[in-house]
Structure formats: C-alpha cells, structure tokens
Chemist: 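What follows is a single structure, and I will ask about it in a moment.
Order of the sequence lines fixes the chain letters, A, B, ..., with proteins taken first and strands second; residue numbering starts at 1 for each chain.
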Protein chains: 2
Amino acid sequence: MDLHRLRYFVAVAEARSVGKAAERLRMAQPPLSVQIRKLEAEVGAPLFHRGTRGMDLTEAGQALLARAGEALALAADGIEAARAVAAGRRGRISVGYMFVLANAVLPRLIPELRRSIPGVDLDFVDLSASTREARLLDRSVTVALCMPAIHHPEIQVARIGAQRFMLAMPNRSPLARLGAVPMARLQGRPLVALPPPERDPASSAVAALLRRHQIVMPIASRVETVHSAMSLVLAGEGLAILPACAKLGAPRGIVFRPLLDAADSIDIAVCWRRDSQSPLIPKFLKCAEKVVARL
Amino acid sequence: MDLHRLRYFVAVAEARSVGKAAERLRMAQPPLSVQIRKLEAEVGAPLFHRGTRGMDLTEAGQALLARAGEALALAADGIEAARAVAAGRRGRISVGYMFVLANAVLPRLIPELRRSIPGVDLDFVDLSASTREARLLDRSVTVALCMPAIHHPEIQVARIGAQRFMLAMPNRSPLARLGAVPMARLQGRPLVALPPPERDPASSAVAALLRRHQIVMPIASRVETVHSAMSLVLAGEGLAILPACAKLGAPRGIVFRPLLDAADSIDIAVCWRRDSQSPLIPKFLKCAEKVVARL
DNA sequence: CATAGGCATACCGAAATCGTATGGGTTGAC
DNA sequence: GTCAACCCATACGATTTCGGTATGCCTATG
C-alpha cells in the first residue's frame, strides 16, 4: 500500500469531492478517481458514498481517515526530523569528558551549548582515560573533551588549549611555603601517579617532564583518577604532578604550586570520529574553544 | 514521498544491511540500494553509515526511523480498521428507538447486541416520531426501531413484531373493573391522543380502529409522547389507546385493558437507509427479531 | 595475492501513473 | 420536457518509475 494513495484519499475525504481534490492536488480528476477505487479494492470495501453532489465517507472510510491523517503527519514529521537532525537544529550530542575538566569547563560550557544549539539534547558522560577511545569508536559518545588528545587513525583531534602542570601537595608540606617549586626539590620524593602511559597518556607527559630534569620520584601509589590522587596527597602519601585545572576540584588542605623551571603543559582537545558527519561537532568545537580560551 | 520507500528504509534499518533486507523483502539488492539512496536524496542527508560490515543508522536516520515505524504501523492499522468496520467486527452503530419501546426492548436488546457484535460501539438515541425519518436520512442514526414502520423510498423496513392496542385508564375508572373493554363502551369518552397522523402514524392506526367501530371519542388533549399521554390519563383527562408495551413504562395508578372486539395492532419495525451497506444492520436486525419475538 | 562479502552503478523490461477524451447519471433551469 | 451543467467512471496512449540482471569497486581476511 502506498502513502501516495493515502494522501489522495485524505485529500478527497477533506474536499468531499474527487474533482475539488484533484484541483487542489494539481492533477486531473480521472486518475484520482482511479486511485481512490484502487484503494477501495485494496481495502475490500467502499470508502465513500457516491452521491450526485460529491463523495461522502462511509464508516470504513472514516476509520481509515483517522489513521491515515496521522500516518501522513508522522511520515512528514519523520523526514522533517531527519532534516533537522542533519542540519543540527535538533538531535542529541553525547559529550564524553575527563572528570578533571568538569569543574573548570562544564559550568561555562553547558550554558554556552544551550545558547548555541537549542533544541539539541545534551548528554554528558564522565569518561575515564581508558574508555574514552572505545566510547568514541563505538559511537556511544559523539565527541570527547580530552586531556590529553587521543591519537587514533579513526579519530580527529582539535587542540583547544593546554594546562600547565603544577605540583599538588598538602598545605602543611614544607614546599608549600615556596611561591613556585624548583624541579630539583622533587628529587627522591614519593609520587602519587596516574595509570601508566599505555592506559593514560597524561602519565607519559609527567614521565617525560621528570626524565628531562633527571628527577627520579619513586611511585608511592598508582590511582585511576586525579581526584583519587589528590586524596592520597592529602593523606600524606606523596606529591602529585597534575594539570592546573585540577585545583578547582581539590579538597581543602591541598595546595597547588607552579613548577619553577618547567613550562610543560598538557593539551586539552576535542576528539571525534573522523566519519561522524554530525553538524553538531563544529558547533560544539566552537563553544569549547570559546570556553577553554578563558581558562 | 512514498510509503513504499519508508517501508524499505525501515527494513534496511532493522536488518542493518541492504542485502539482508532485500532478502526479507523478497527482492534483489540493487533496487533496494537505489531506493535508499533516493530517500536520502529526498531528505537531503545520509541516513546510514556505510561500513564494510553493512549499514548503520546515522542520527538523522534514527530520527526518521522512530517516526517511520509508527507511520507504517498507523497506515497498516488504518486499512485494517477500515476492513474491520466494513466487516462489522468494529465500528459504531447508532440506534434510534421510540421511547415507548425502551422498557420492553432495550434491557434485552443491549446485552444481545454486545454478545453478537462485540467491539462495536453502541449509541442509543431516543427519537420522537417526527424526527426519526430525518435522522435516518441524514445518517445521524444507522437504524431506527420504530412503531410503526417508516414509509419512504429511501428507507428499507423490516417488520419484526407487533403490539396490540390496549386501553389505558386510571385504576379508579369504572372500566377498570372489566377484564376487557368492549369497543362500544368508548363511545363519547374523552381521548388523550398522540400527534395527528401526519406527524405520528400511530395516530392514524388508532383513528382507523375507532372509525371502523364507528366510535367517536372527542380529543381531550394532544400530547407528544406516550408517557405524556399516560400522565394525562392518570390526571383524569381521558383515556388513551396505546400499544401494549407502553404498560411497562406506565406510572402507578394506570391500568391497561385489552379491547374486547378489536385485534388491531401496530407494527414494530427496524428501518434503515436503503443505501447504507453497513454490515451491522443485518446483525442488528437479527438481535432485534430475537428480542421482540419474546415480548 | 586471491577470495569473499557488501554496497553502488548501468542498463533493460515491466508496471504503475498521469493526462486527454469520452460516457453515463442526476440536478436544476427555461 | 428538454437542455445545460455538474460530477464521477472508463478507455487508451504516453511517460515515469520501479524492479531484475550483470557488473564494478572497496575492504577485510586468510
């Protein structure tokens, strides 16, 4: 059965006349008459009373009309919805973010997105360093706000900012009295580290920093997240080298100090599947750049 | 836009593959591929990700799928509903009835109809003698349960029973002491009459009865309904000659007596538009015959 | 490097659709 | 009573669309 026919049927039912309906449909009357009879043949029952003054729905016709109208509307709405999604006027964007960035970025990013892409459902997912790649690849998130960027042939990266590494320590630590900590002072102190480089690229940046300054810090503990790291630092387990923005989520009693002779930083990037042609991605990127620029 | 295409689209989306969908649709793969691309051209955006392992909906595709599925279901449901109505499995039947018959017929008729045509909405309308014809002709009622039948070229009649005329009087009337009242005893007594024959054919049957027995009864009052007639009879305004079934709706203090030498009766009939091909009418007729037979 | 799986393209025959011309029936006016 | 007007139905030829077969391209796999 054809949507075409249903459309004709609705037109005839509304015009209560084949001729009038044909005129409104900008077609000749006979083919319309034929289509109506074909529909009746398909249903197996007359849908109209043929009077001398035009056509009048039978009860079967009324039953069909009620559904046919809705079906037509739904179909039209469907293609319109598809167009709207394709154009980025509606839809859903699922944003994966590293939790360290939450406090620094989300409070400004979310309102920015709502202003920039109203009508789009936002879905924020807290991603660990180890799952962000997989979640992008299986499309369960549309974009990821990463620190640092993901490198993968299927994944496109846009660097939107960077964060200096800082030293996190308890406020009662002797180093806390310094305005900035020389790298040399880290020698031999215990380090609260994030997962090893193969699971979290941030660690390799930290390792590179230490290696370049020929500092060796024994690893006191490995933890999964920046927040866990700060908890252990507060407990006196060791020091941590973390991106500056982690400060915003730090518990009371933790202080951050710049590293005096190290300007190393870690990239903040937006990452997405290369083949994802969602029109929302450029818009998201723009918002994210704007927000991160003001960090 | 074509419902055909939407059906193909849904099939491909569900099978996540053009080939599989083509198989399930019992058609070749290439034309299906073409149809999908035509739909995408119509929408103006890709609906599928083409991977090496098959097809995967884009977000625009998902937006369309949600509506398309419903639209298809509605359309299918619509033609099924039309068939059901045409076959009398569903629908609505609007039954006009003369109020005199209500007490005698409806309590049995309604359950009978519910058993015979479940799924059909019943709609009972109390019709006066003067409107029943118009309500049938403009299709605002499907069938009418009449006493007596309607005569009109557009209206089909099925006689399903008859009611004897009886004399209605107050129980303190001297005639009430008789088991049956001879016609001669009515001579000169005041009559509470229904509307004149041109508005209510029942009156003409009563008039014929009196004329044949050469009885003259002055008309004390004309009333619209049998129930009004009984009220006036109770008030001592006069006697009424009414169908036997009116007894069931009679107020306390009214008695009915047969007319001794008059076997006159008034037909009970089911009437409907000749051009109404509702399959519910034969079923209704059968129920009505069954119920009236037991009066 | 060869094979297999999957979608896209090209071309042809078949089917459905549309438009024009025309018929049949009823309504209403002169 | 006749005739014109109106409206739907049917017939037929022309065009468009659709489906099938053959084939090509790409990628993943062994």
Side-chain angles (χ1 to χ4, degrees), chain A residues 1-43 45-58 60-61 75 137-138 152-154 273-275 277, chain B residues 1-43 45-58 60-61 72 75 79 137-138 152-154 273-275 277:
Chain A
M1 176 242 344
D2 219 340
L3 196 55
H4 225 152
R5 269 203 246 280
L6 283 188
R7 191 183 310 285
Y8 287 172
F9 165 72
V10 171
V12 172
E14 285 177 354
R16 304 165 62 88
S17 149
V18 180
K20 301 279 172 54
E23 193 176 341
R24 221 165 60 185
L25 292 167
R26 293 163 202 281
M27 67 185 290
Q29 168 263 321
L32 184 54
S33 185
V34 170
Q35 292 302 325
I36 296 298
R37 296 195 87 79
K38 281 190 182 171
L39 183 58
E40 288 180 320
E42 186 181 335
V43 171
L47 299 170
F48 291 95
H49 295 287
R50 268 82 169 170
T52 171
R53 281 273 153 238
M55 315 272 279
D56 206 4
L57 282 173
T58 61
L137 289 175
D138 73 4
H152 186 281
E154 284 295 311
R273 270 188 78 114
R274 232 174 254 287
D275 67 355
Q277 75 283 359
Chain B
M1 177 241 343
D2 218 340
L3 195 54
H4 225 154
R5 270 203 246 281
L6 283 187
R7 191 184 309 286
Y8 287 172
F9 165 72
V10 170
V12 172
E14 285 177 355
R16 305 167 60 90
S17 148
V18 180
K20 302 278 172 56
E23 193 175 341
R24 220 166 59 186
L25 292 167
R26 293 164 201 282
M27 66 185 290
Q29 169 264 320
L32 184 54
S33 186
V34 170
Q35 292 301 325
I36 296 298
R37 295 196 87 79
K38 282 190 180 171
L39 183 59
E40 289 180 319
E42 186 181 335
V43 170
L47 299 170
F48 291 96
H49 295 287
R50 268 83 169 170
T52 171
R53 281 275 154 235
M55 314 271 279
D56 206 3
L57 283 173
T58 61
L72 285 171
I79 74 160
L137 290 175
D138 73 5
H152 185 282
E154 283 295 311
R273 270 187 78 112
R274 230 174 255 288
D275 67 357
Q277 75 282 0

Chemist: To the nearest 10 degrees, how far apart in direction are the end axes of the helix from C:dC1-D:dG30 to C:dC30-D:dG1, each fit to five base pairs?
Modeler: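 Rounded to the nearest 10 degrees, the bend comes out at 20°.
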Chemist: Nearest whole Å is fine: how far is C:dA16 P from A:L32 CG?
Modeler: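 Spelled out: CG on A:L32 to P on C:dA16 is 18 Å.
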Chemist: Return the CG to CZ distance between B:L47 and B:R37, rounded to the nearest 0.5 Å.
Modeler: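 One finds 10.5 Å between CG of B:L47 and CZ of B:R37.
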Chemist: Would you give the length of the straight line joining atom CZ of A:R5 to atom CG of B:D2, rounded to the nearest 0.5 angstrom?
Modeler: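 The distance works out to 10.0 Å.
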Chemist: Any ion pair linking A:E154 and A:R274 (charged N to carboxylate O, less than 4.0 Å)?
Modeler: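 A:E154 and A:R274: not salt-bridged.
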Chemist: Could you state the atom-to-atom distance from CE of B:M55 to C1' of C:dC7 in whole Å?
Modeler: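 Whole-Å distance recorded here is 7 Å.
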Chemist: N/O contacts under 3.5 Å, protein versus nucleotides 10-14 of chain D?
Modeler:
unit_1: D:dT10; atom_1: OP2; unit_2: A:R37; atom_2: NE; d: 3.4

Chemist: How far apart are the closest heavy atoms of B:A75 and A:L6, and which atoms are they?
Modeler: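 The answer is CB-CD1, 3.8 Å.
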Chemist: Between residues 9-25 of chain B and DNA chain D, which residues have a heavy-atom gap below 4.0 Å?
Modeler: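 Contacts with DNA chain D under 4.0 Å: none.
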Chemist: Closest approach to the side chain of B:R50, judged atom by atom: which nucleotide of D:dG20, D:dC18, C:dA8 is it?
Modeler: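 Closest nucleotide among those given: C:dA8.
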Chemist: Can you tell me how far C1' of C:dA8 sits from NE2 of B:H49, to the nearest Å?
Modeler: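 Interatomic distance, NE2 of B:H49 to C1' of C:dA8: 19 Å.
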Chemist: Is the number of heavy atoms from other residues, nucleotides or ligands under 6.0 Å of B:Q29 CD greater than 12?
Modeler: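 Atom CD in B:Q29 is crowded, with more than 12 foreign heavy atoms closer than 6.0 Å.
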Chemist: Quick one: A:E42 CD to C:dT17 P, roughly how many Å, whole number?
Modeler: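 Answer to the nearest Å: 10 Å.
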Chemist: Remember a base hit wins even if backbone is also touched, and classify A:Y8 as base, sugar-phosphate or nothing at under 4.0 Å, heavy atoms.
Modeler: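 Answer is sugar-phosphate: A:Y8 comes under 4.0 Å of backbone atoms only.
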Chemist: I want to check something: taking the side chain as every heavy atom from C-beta on, are A:F48 and A:L57 in contact at a cut-off of under 4.5 Å?
Modeler: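 Contact flag for A:F48/A:L57 side chains = yes.
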Chemist: Return the minimal non-hydrogen interatomic distance between B:A15 and B:A21, and the atom names on each side.
Modeler: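 Closest approach of B:A15 to B:A21, heavy atoms only: CB-N, 3.7 Å.
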Chemist: Rounding to an integer number of Å, can you tell me how far A:R26 CZ sits from C:dG19 C1'?
Modeler: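 It is 17 Å, rounded to the nearest whole Å.
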Chemist: Rounded to whole Å, how long is the line connecting atom CG of B:L39 with atom C1' of D:dT17?
Modeler: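 Rounding to the nearest Å, CG of B:L39 and C1' of D:dT17 are 16 Å apart.
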Chemist: Are A:L32 and A:V12 side-chain neighbours, meaning at least one heavy-atom pair lies under 4.5 Å?
Modeler: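 Side-chain contact under 4.5 Å: yes.
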Chemist: Would you indicate whether B:R16, at its atom CZ, is surrounded by more than 12 heavy atoms from other residues, nucleotides or ligands within a distance under 6.0 Å?
Modeler: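 No, the 6.0 Å shell around CZ holds no more than 12 heavy atoms from other groups.
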Chemist: To the nearest Å, how far apart are A:H4 NE2 and C:dT17 P?
Modeler: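 Going from NE2 in A:H4 over to P in C:dT17 covers 9 Å.
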Chemist: When rounded to the nearest 0.5 angstrom, what is the spacing between NE2 in A:H4 and NE2 in B:H4?
Modeler: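 Here the rounded value is 13.5 Å.
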Chemist: Checking side chain to side chain contact (heavy atoms under 4.5 Å, CB included) for the pair A:R50/A:M55: CA distance, chi angles, key distance, verdict?
Modeler: CA-CA 5 Å; A:R50 268 82 169 170; A:M55 315 272 279; 3.7 Å; yes
Chemist: Rounded to the Å, how far apart are B:L3 CG and D:dC18 P?
Modeler: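 So the CG-P distance, B:L3 to D:dC18, works out to 13 Å.
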Chemist: A:K38 side chain N/O closer than 4.0 Å to the phosphate oxygens (OP1, OP2) of C:dT17?
Modeler: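 For C:dT17, OP1/OP2 do have a side-chain N/O of A:K38 under 4.0 Å.
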